[in-house]
Amino acid sequence: MDDLWYSEYDTPNVRFSIKVNAQLHSEQSDYQKIAVYDSPEFGRFLTLDGVLMLTERDEFIYHEMITHVPMAVGPDTKRVLLIGGGDGGAARELGKYPDIERIDVVEIDQRVVAVCKQYLPRTACGFDNPKVRLHFNDGLRFVRSAEEEYDLIIVDSTDPSGPGEVLFTKEFYGNCLKALRRNGIMVNQHESPFYGEDAKAMKAAHKRIVSVFPLARVYQAHIPTYPSGQWLFGFASKGPHPLKDLDAARWNALGIPTRYYNTNLHRGSFYLANYIEEALSENE
Ligand code: SAM
């Protein structure tokens, strides 16, 4: 039998493919096509509308970087709003902090949560935490009614197309600013600087965040299964600076187990290549 491959077009001229043992699941939810595959190299992986979301082998990188960077800066984070995150990975990492009192997860598609609970227990275990309150709702609509309620907002969304599009708007970022307490932090998956479409989305998101938040920085991580392998995150806040206010000693004293994040890498991740700084400064 011929080999089976999952392929994703990063551009019309560049294709990323993973050899697949089998497709384990496929369905059309009210919002998107949800599929799970099993692969020899990356283990199981989830795709939404044909776009790779996470693999068992490298999801730790993304989920550690989208949570531990802000948690190492905001010392008194008690209430977290996690928008998207239907796979549970970010909730799993937040569950490592005993001082967090509540994690509101706002995921628009309950079928994503159900499929991840069935096929991806290593990330979906994040929902087992009693501090997690799962809301099946549109993140834009949910955050409209929040006022100075959260210390940290994490936007763990799909790309700015389909249901995720509204999570890259100025209105959404303005609502997040309003929903944050004093010294609040917002972190978002901020696309990528290399390929055209991703870089366009990165610049557009950065321009809107800069126009709303008093402080907005960008940091990076190497994620093998994401387009070009280089992925960015946005760090915006009402006050805290991601480097000046990093309390490495306090974070290290927590003894939180990680495989990618550490407080030296935290610092390094905010130093970006010239071409990325130039692209970001176009909109500052
Ligand atoms: N954590 C994974 C990663 O490594 O990138 C993927 C993120 S998670 C699977 C993205 C989630 O955002 C999806 O489950 C999707 O249903 C959800 N989502 C998209 N638009 C949304 C919206 N407007 N409100 C809430 N959740 C949304």
Side-chain angles (χ1 to χ4, degrees), residues 8 25 27-37 42-68 81-94 103-120 122-127 133-146 153-169 171-173 175-176 179 187-192 198 201-202 205 221-227 229-234 260-261:
E8 183 174 291
H25 185 84
E27 72 174 78
Q28 181 65 43
S29 78
D30 294 340
Y31 298 95
Q32 52 213 333
K33 185 154 183 325
I34 305 170
V36 180
Y37 298 84
F42 287 97
R44 291 182 174 181
F45 61 92
L46 170 75
T47 68
L48 294 180
D49 282 341
V51 178
L52 191 147
M53 289 287 121
L54 67 117
T55 80
E56 284 183 319
R57 183 168 173 194
D58 71 355
E59 57 82 11
F60 70 96
I61 301 169
Y62 173 97
H63 291 124
E64 288 185 16
M65 287 301 278
I66 206 167
T67 53
H68 301 306
L81 172 59
L82 173 57
I83 295 178
D87 51 270
R92 178 195 66 207
E93 293 304 310
L94 291 168
I103 304 166
D104 283 324
V105 180
V106 182
E107 162 59 54
I108 199 166
D109 192 343
Q110 56 186 304
R111 290 301 306 154
V112 171
V113 173
V115 169
C116 290
K117 281 184 175 177
Q118 184 176 357
Y119 294 99
L120 293 162
R122 290 188 215 167
T123 54
C125 61
F127 295 123
R133 296 190 333 187
L134 198 41
H135 310 262
F136 295 121
N137 198 337
D138 174 1
L140 174 65
R141 191 173 308 130
F142 184 92
V143 80
R144 269 194 197 122
S145 57
I153 297 178
I154 295 177
V155 188
D156 178 9
S157 71
T158 44
D159 298 325
S161 58
E165 191 166 359
V166 295
L167 304 180
F168 289 80
T169 61
E171 177 199 359
F172 173 70
Y173 296 132
N175 290 337
C176 287
V187 161
N188 65 294
Q189 84 84 355
H190 207 66
E191 299 295 310
S192 171
D198 298 328
M202 169 200 78
H222 168 247
I223 303 179
T225 54
Y226 277 15
Q230 177 163 27
W231 210 254
L232 300 180
F233 299 88
Y260 188 88
Y261 177 83

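Order of appearance sets the numbers: ligands from 1, and atoms from 1 within every ligand.
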With Ile223 as partner, the option from Thr55, Asp58, Leu54 fulfilling side chain to side chain contact (heavy atoms under 4.5 Å, CB included) is Asp58
**Asked** Which is it for Asn137 and His135 under the side chain to side chain donor-acceptor pair (under 3.5 Å) test, yes or no, and what are the steps along the way?
**Response** CA-CA 6 Å; Asn137 198 337; His135 310 262; over 6 Å; no
List the closest protein heavy-atom neighbour of [atom]: residue, atom name, distance to the nearest 0.1 Å.
| atom | answer |
| --- | --- |
| atom 5 (O) of ligand 1 | Tyr226 OH, 2.6 Å |
| atom 10 (C) of ligand 1 | Asp156 O, 3.4 Å |
| atom 6 (C) of ligand 1 | Met53 SD, 3.6 Å |
| atom 8 (S) of ligand 1 | Asp87 OD1, 3.4 Å |
| atom 15 (C) of ligand 1 | Glu107 OE2, 3.4 Å |
| atom 24 (N) of ligand 1 | Gly139 N, 2.8 Å |
| atom 19 (C) of ligand 1 | Thr158 OG1, 3.3 Å |
| atom 12 (O) of ligand 1 | Gly84 CA, 3.5 Å |

Assign the ring pair Phe60 / Tyr260 to parallel, tilted or perpendicular, where the plane angle (0 to 90°) is split at 30° and 60°. perpendicular
Exercise for the section: Measure up the Trp231 and Tyr226 rings against each other and bin them: parallel (under 30°), tilted (30 to 60°), perpendicular (over 60°). Expected result: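 Correct class here is perpendicular.
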> So, does Thr123 use its side chain to make a donor-acceptor pair with the main chain of Gly88 at under 3.5 Å?
Replying inline: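 Such a contact is absent between Thr123 side chain and Gly88 backbone.
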Judged by heavy atoms only, the candidate from Ile108, Val143, Asp109 nearest atom 25 (C) of ligand 1 is Ile108
Of all heavy-atom pairs linking Phe127 and Gly85, the shortest is CZ-O, 3.6 Å
On a heavy-atom basis, the closest approach of Tyr261 and Met65 is CD1-SD, 3.9 Å
At the 4.0 Å heavy-atom cut-off, does [X] count as touching ligand 1?
| X | value |
| --- | --- |
| Thr123 | no |
| Gly89 | no |
| Tyr31 | no |
| His63 | yes |

Rounding to 0.5 Å, atoms CG (Leu52) and OH (Tyr37) come to a distance of 10.0 Å
Query raised in the report: How far does CD1 of Ile66 sit from CD of Glu64, to the nearest 0.5 angstrom?
Result: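 Ile66 CD1 to Glu64 CD: 12.5 Å, rounded to 0.5 Å.
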Tell me whether [X] is salt-bridged to [Y], with the criterion being a basic N under 4.0 Å from an acidic carboxylate O.
| X | Y | answer |
| --- | --- | --- |
| Asp49 | Lys33 | no |
| Arg111 | Glu27 | yes |
| Glu59 | Arg122 | no |

Quick check on contacts: which atoms of ligand 1 are under 4.0 angstrom from a heavy atom of [X]?
| X | result |
| --- | --- |
| Val112 | 14 (O) |
| Val106 | 25 (C), 26 (N) |
| Asp138 | 22 (C), 23 (N), 24 (N) |
| Val166 | 23 (N) |
| Asn137 | 24 (N), 25 (C) |

- Query: Is the shortest N/O to N/O distance between Leu46 and ligand 1 below 3.5 Å?
  - Reply: no
Test your reading of the structure: does Pro163 have an N or O sitting under 3.5 Å from an N or O of ligand 1?
yes
Trace of the side chain to side chain donor-acceptor pair (under 3.5 Å) decision for Asp109 with Gln32: CA-CA 8 Å; Asp109 192 343; Gln32 52 213 333; 2.9 Å; yes
Logged contact type for Gln32 with ligand 1, heavy-atom cut-off 4.0 Å, is side chain
